[in-house]
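One structure is given here, and the rest of the page talks about it.
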Amino acid sequence: MIKCVIWDLDNTLLDGVYLESGDQPPPVSALGAVLHDLAGRGILHAIASRNPPDAGAYAEQATGHAFAAVVCGWGTKSAAIEAITAELGLTADEVAFVDDDALERAEVAFRLPDVLTLAPQDVPEAAASPSLGAPASTGEARRRGDLYLQRRARLEEARAFGGSREDFLRHCGTRVTIAHAVAADLPRLHELSERTRQFNSTGTPVPEAEFAALLRSADHEVMAVRLADRFGDDGLVGACVIATNPDGWQVRQLMMSCRALGRGVIDALLAWLCRAARAAGSDEIEVTCVISQRNVPLRIALTSAGFRAGDEPEADGASRTALYRRPAGDTLPELPDWVTVPA
Amino acid sequence: MTPGGPAAADLTGEIRLLLAEITRDRAALEAPLGTALLRDGIGLDSLGGTVLLTEIKRRYGVDIADEDLNLDSLASIGTLASYVRARLTFGGPPGGSAARASAAPRSPR
């Protein structure tokens, strides 16, 4: 699913060449409606252009659209796209790249084969395709553009900040809340199961009805994780489903939005899991995790929190599944002081 | 980067430089080899760790995420350098950027 469209400027988003035009070129009018339509569906826009940095600011002013990331410089387009995906916490197959220059598209297609490359004239048709994202169904999805603008502001401040990551999270007034999910959370829980990849232990979408059944189950807990700081309120960014077996807690589903990446949320959730399991008298905590190239960040977080995978993952058709285990009795990871757990 | 396996000191130095770039902190350049990479050591979080693994795969063709389920190679600067060196020496692709790019990962995708 495409989450971000990365635009070239000269003769793509702008009707002319920025540096060669005496009068600065106006935006291509047909694409303005596309920008607006896609943004309304929760799709981000970014700029990758061979131009001086002020070209990005000009494009924002000319189109009246704020871009989630802007890379203007003289490097390759593939390098610009990699910088943008890293900044936004996206993977290559979640972005589309629009450029009028066939050579630039070929360079990107060669270096980053997972990126969807489009000529400007192909955009209106591609925008009508469901692969570019269904209409946003939850508040969180509709606000994605705003949330990424907050992310951009946060990143700019982080670059200027001298202290540790923990100090920065505290400086931002980070607040993580871990609470029992309620019926009103169901649409967002389903959406997280469908849209998250990098922090998703199963990679399989879970229907709302299944989450509803889990909310009613006496043997399961569904926990919802919310995130906010002084830049904005990200809403419900993560969740986990726990089978509360008295011998050991089994985490059946663990998922987090990539926009919470780098903000201490997954570490906080894993620390809470270990502590809550121990408080419930459980000796061990176990996370079932499909091994894929996509969820490497989750596996790093599990390793970092002291979980260990079984020797041989079970192969089930095309996917491999490993059990990550950790005793709930030894030294437990610290729960940072910005995490709130309502009783 | 010389194809076919850089000298040990060079490889460790390259990895230190990479860590310093990712953490934007020069501490990784001079920290002892036994310094942990995650959490309290070099201070990599899951985002930094992912960038590191991606860059190691791109530069050396070594797909740690796919091969090392427990990511034991991320224990310290030294274990990471040893892991990459061993794979380049004994199990790595023959060398050269084209060969590295085509080294097929054992991916379940």
Side-chain angles (χ1 to χ4, degrees), chain A residues 82 85-87 89 91-93 110-111 114 158-159 161-162 164-166 169 198-199 203 256 258 260-267 270 289-313 315-324 333-334, chain B residues 18-28 31 35-77 79-80 83 97-98 100-109:
Chain A
E82 284 181 319
T85 51
E87 177 168 334
T91 53
D93 60 347
F110 175 72
R111 300 262 181 198
D114 289 340
R159 286 193 188 113
F161 189 82
S164 71
R165 190 178 71 104
E166 290 236 333
L169 292 175
Q198 300 178 70
F199 285 93
M256 189 190 79
C258 59
L261 194 66
R263 293 172 65 191
V265 176
I266 195 75
D267 298 332
L270 290 173
C289 186
V290 168
I291 303 301
S292 82
Q293 288 284 327
R294 302 291 300 275
N295 65 8
V296 171
L298 175 62
R299 288 159 54 202
I300 293 175
L302 284 167
T303 306
S304 186
F307 285 83
R308 306 284 302 164
D311 290 340
E312 269 306 305
D316 172 21
S319 70
R320 294 189 291 157
T321 301
L323 286 180
Y324 283 81
E334 287 296 322
Chain B
L18 179 56
L19 287 166
E21 280 170 21
I22 294 170
T23 56
R24 293 198 203 96
D25 185 345
R26 298 179 57 83
T35 306
L37 297 184
L38 300 172
R39 290 192 167 249
D40 299 338
I42 297 294
L44 283 185
D45 63 357
S46 43
L47 174 59
T50 306
V51 174
L52 174 67
L53 295 186
T54 307
E55 197 56 25
I56 297 265
K57 184 175 167 187
R58 193 179 73 79
R59 289 190 190 184
Y60 308 110
V62 179
D63 190 350
I64 293 174
D66 191 59
E67 297 167 6
D68 181 8
L69 213 53
N70 275 310
L71 306 173
D72 289 326
S73 50
L74 295 189
S76 70
I77 299 174
T79 56
L80 177 61
Y83 187 93
S97 57
R100 275 190 215 108
S102 64
R106 194 166 45 90
S107 162
R109 288 177 67 182

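Computed from heavy atoms alone, side chains included, the values below leave out hydrogens, waters and symmetry copies. Residue numbers begin at 1 in each chain, while the letters A, B, ... track the order of the sequences.
- The most heavy-atom pairs under 4.5 Å with chain A, out of Leu44(B), Asp25(B), Asp45(B), Leu38(B), come from Asp45(B).
- Your options are Asp267(A), Leu298(A), Leu261(A), and the one with the most heavy-atom pairs under 4.5 Å with chain B is Leu261(A).
- The minimum heavy-atom distance linking Thr50(B) with Pro297(A) is given by the pair OG1-CG, 3.3 Å.
- Per-residue heavy-atom pair counts under 4.5 Å with chain B were compared for Ala301(A), Ala305(A), Ser304(A), and the maximum is reached by Ser304(A).
- Here the CD atom belonging to Glu55(B) is positioned 8.0 Å from the CD atom belonging to Glu82(A), to the nearest 0.5 angstrom.
- Here the CD1-OG distance, from Ile266(A) to Ser46(B), works out to 7.0 Å after rounding to the nearest 0.5 Å.
- Under the salt bridge (charged side-chain N to carboxylate O under 4.0 Å, His left out) test applied with Asp66(B), the options Arg320(A), Arg294(A), Arg299(A) reduce to a single match, Arg320(A).
- With rounding to the nearest 0.5 angstrom, the OH atom of Tyr324(A) is 6.0 Å from the CG atom of Asn70(B).
- A pairwise comparison of heavy atoms in Leu69(B) and Gly310(A) identifies CD2-O, 3.7 Å as the closest pair.
- In terms of non-hydrogen atom pairs under 4.5 Å with chain B, the most contact-rich of Val296(A), Leu302(A), Val290(A), Ile300(A) is Ile300(A).
- Here the straight-line distance linking atom CG of Leu37(B) with atom OG1 of Thr303(A) works out to 12.0 Å at 0.5 Å rounding.
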